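Okay, structure first, notes after.
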Amino acid sequence: MEIHLQKCQHCGSRSLRNILVRDEVQKVLVQCRDCERLVARYVLNSGGYFHAGKGFESFLRSIERDGGLTSPRDVDELFHDVEAEAEREFNTSLEVLKQRYDDDLP
Ligand SMILES: [Zn+2]
């Protein structure tokens, strides 16, 4: 696993803005708040968006946008799996970054 902290490749700033785009696919455009240029674009897989703390209803809407699932039981299970996985990935990534930057993340 590779873990990186994103920064602007034009000016080096770490002050970034995520712009969420819902089109046929969901995208995240990352803009630099300092030089205002495009830093990156992410295209999300189906079911790839998880909004922490927004709960089950929000998750259900994103599943519906992606074309739905087979049964309510699957959705409930998936929600808890995705929630736990996102938290785990976040904590692991933060641990790696804290070690790399000696607890002083830029
Ligand atoms: Zn910049």
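This one's a predicted model, so the numbers in the text were calculated from it and none came from an experiment. Counting starts at 1 for both ligands and their atoms, in listed order.
- Under the rule for a side-chain contact (heavy atoms from CB on, under 4.5 Å), the partners of Lys54 that lie at least two apart in sequence or sit in another chain are His51, Ser58.
- When hydrophobic residues (I, L, V, M, F, W, Y) are linked wherever their side-chain heavy atoms come within less than 4.5 Å, the members clustered with Val25 are Val43.
- Checked by atom type, the side-chain pair Glu2/His4 shows a donor-acceptor distance below 3.5 Å.
- Between Val28 and Tyr49 there is no side-chain heavy-atom pair separated by less than 4.5 Å.
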Using a 3.5 Å cut-off and no angle test, enumerate the donor-acceptor pairs between side-chain atoms of residues 82-97 and protein atoms at least two apart in sequence or in another chain.
{"residue": "Asn91", "atom": "ND2", "partner": "Glu87", "partner atom": "O", "Å": "3.2"}
{"residue": "Thr92", "atom": "OG1", "partner": "Arg88", "partner atom": "O", "Å": "2.9"}
{"residue": "Ser93", "atom": "OG", "partner": "Glu89", "partner atom": "O", "Å": "2.7"}

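- For the Zn ion (ligand 1), the count of nearby protein N, O or S atoms, meaning those under 2.8 Å away, is 4.
- Using modelled atom types, no side-chain atom of Arg17 and backbone atom of Glu36 make a donor-acceptor pair closer than 3.5 Å.
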